[in-house]
Enquirer: 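Got a structure for you, written out below as structure tokens; questions coming shortly.
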Amino acid sequence: MSDAAQIEALVHSALDEVNATRTEAPVPKDPETVLLGNDASLGSLGLVNLIVASEQRIEDQLGIQVTIASERAFSQKTSPFRTLGSLCDYVALLVDEAKKA
Amino acid sequence: MATVLITGTRKGIGRFLAEHFLAAGDNVIGCSRKPAEIDAPNYRHHCIDIANEDQVRALFGEIRKENRGLDILINNAGIAAMNSALLMPASQVREILDTNVLGVFLFCREAAKLMKNQASGRIVNFTTAAVPFKLEGEAVHAASKAAVISLTEILAREFAEYGITVNAVGPTVTDTDLLSAVPRSKIDALIARQAIPRMGEFRDIANVVDFFIRPESDFVTGQVIFLGGV
């Protein structure tokens, strides 16, 4: 499994955890799933839970601590939290940087 | 048997609380900048700076790996400085805010991440009677502990969804190292302002902590209890 695929699997696993606590329909594991803004599938609390669960899975599975919601993330022109796909890409970037550090 | 994390367990109230929970059969994880002398099979000590985000995250990472959960966090560690505001160096202000505000925030944040997985948890923060007393010479210390009250009240709302309660205890004059530099006359004057004019004891603080963490207190959150009738 490539690094990107592994990260995607971990974020999707985190989404499973968030979906399990929802009373509404599960949020689809689709890269185009919107996470932020008016069309967001998750509420703001759901997004927080997804980010925390993703960080914990990365630490548990890869032994790497990353901070997904950082000043860097918030200052990007296009938010990494816009879609599930962009979140996976951003997390993969953070993990890659942490491995090289 | 609960897993209890207490900051500042090397001495004073933190050490007393660690021994209090160990005597009750709980697992206690303690931390301070320097090693602690507590020697018990259920006690694990970590030497960290509570205001260092990396060290705090590493500590919680270890707790996750070892215990896979945390039931109670007691944010006891704190520092004080009595000084005229006119003579207070910025470096000391920063140090007090880092330990008393940033440190408490980091521990609340990381503890809540662990506790939310089990949908329950208790956080007890420490403020001080210096806030309602508006003590001259303690502007920065009192301001930092006023911030702890705000953190307690707001985090109580943010974490309620996860079954986590956040409360604070506000000791009055208690015989700790923080008092060593305070003249006796000033201590007596402070005690005289309390409804119950006596020096606070560690057991008074433990009693409030015990109340906040008991299972029946799951409807008590965002509250601050000052001791001595302040």
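Every chain is numbered from 1 and lettered A, B, ... according to where its sequence line falls, protein lines coming before strand lines.
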Enquirer: Apply salt bridge (Lys or Arg N to Asp or Glu O under 4.0 Å) to residues Arg109(B) and Glu53(B) and explain how you reach the verdict.
Expert: CA-CA 11 Å; Arg109(B) 186 190 73 189; Glu53(B) 185 173 22; 2.9 Å; yes
Enquirer: For residues Leu73(B) and Met115(B), report the shortest heavy-atom separation together with the two atoms involved.
Expert: N-CE, 3.7 Å
Enquirer: In terms of heavy-atom proximity below 4.5 Å to chain B, should Glu55(A) be classed as side chain, backbone, both, or neither?
Expert: side chain
Enquirer: Between Val18(A) and Leu42(A), what is the shortest heavy-atom contact and its length?
Expert: CG1-CD2, 3.7 Å
Enquirer: Can you check whether Glu32(A)'s main-chain N or O pairs, donor with acceptor, with Asp30(A)'s side chain at less than 3.5 Å?
Expert: yes
Enquirer: Using a heavy-atom cutoff of under 4.5 Å, enumerate the residues of residues 59-73 of chain A that contact chain B, numbered in order, or state 'none'.
Expert: Glu59(A), Asp60(A), Gln65(A), Val66(A), Thr67(A)
Enquirer: Looking at Ile74(B) and Phe21(B), what are the two nearest heavy atoms and their distance?
Expert: CD1-CE1, 3.3 Å
Enquirer: Quick one: closest heavy-atom pair of Asn75(B) and Cys108(B), and the distance?
Expert: ND2-SG, 3.5 Å
Enquirer: Under 30°, 30 to 60°, or over 60°: which ring-plane class applies to Phe16(B) and His20(B), parallel, tilted or perpendicular?
Expert: parallel
Enquirer: So if I take each residue of residues 90-99 of chain A and look for any heavy atom under 4.5 Å from a heavy atom in chain B, which residues do I end up with?
Expert: none
Enquirer: Using non-hydrogen atoms and a 4.5 Å limit, figure out which bit of Glu161(B) sits close to chain A: side chain, backbone, both or neither.
Expert: side chain
Enquirer: Would you confirm whether Thr165(B), through its side chain, and Thr221(B), through its main-chain N or O, come within 3.5 Å as a donor-acceptor pair?
Expert: no
Enquirer: Please report the shortest heavy-atom distance between Leu5(B) and Phe60(B), naming the atom on each side.
Expert: CD2-CZ, 3.4 Å
Enquirer: Which pair of non-hydrogen atoms, one from Gly163(B) and one from Arg122(B), has the smallest distance, and what is that distance?
Expert: O-NH1, 4.4 Å
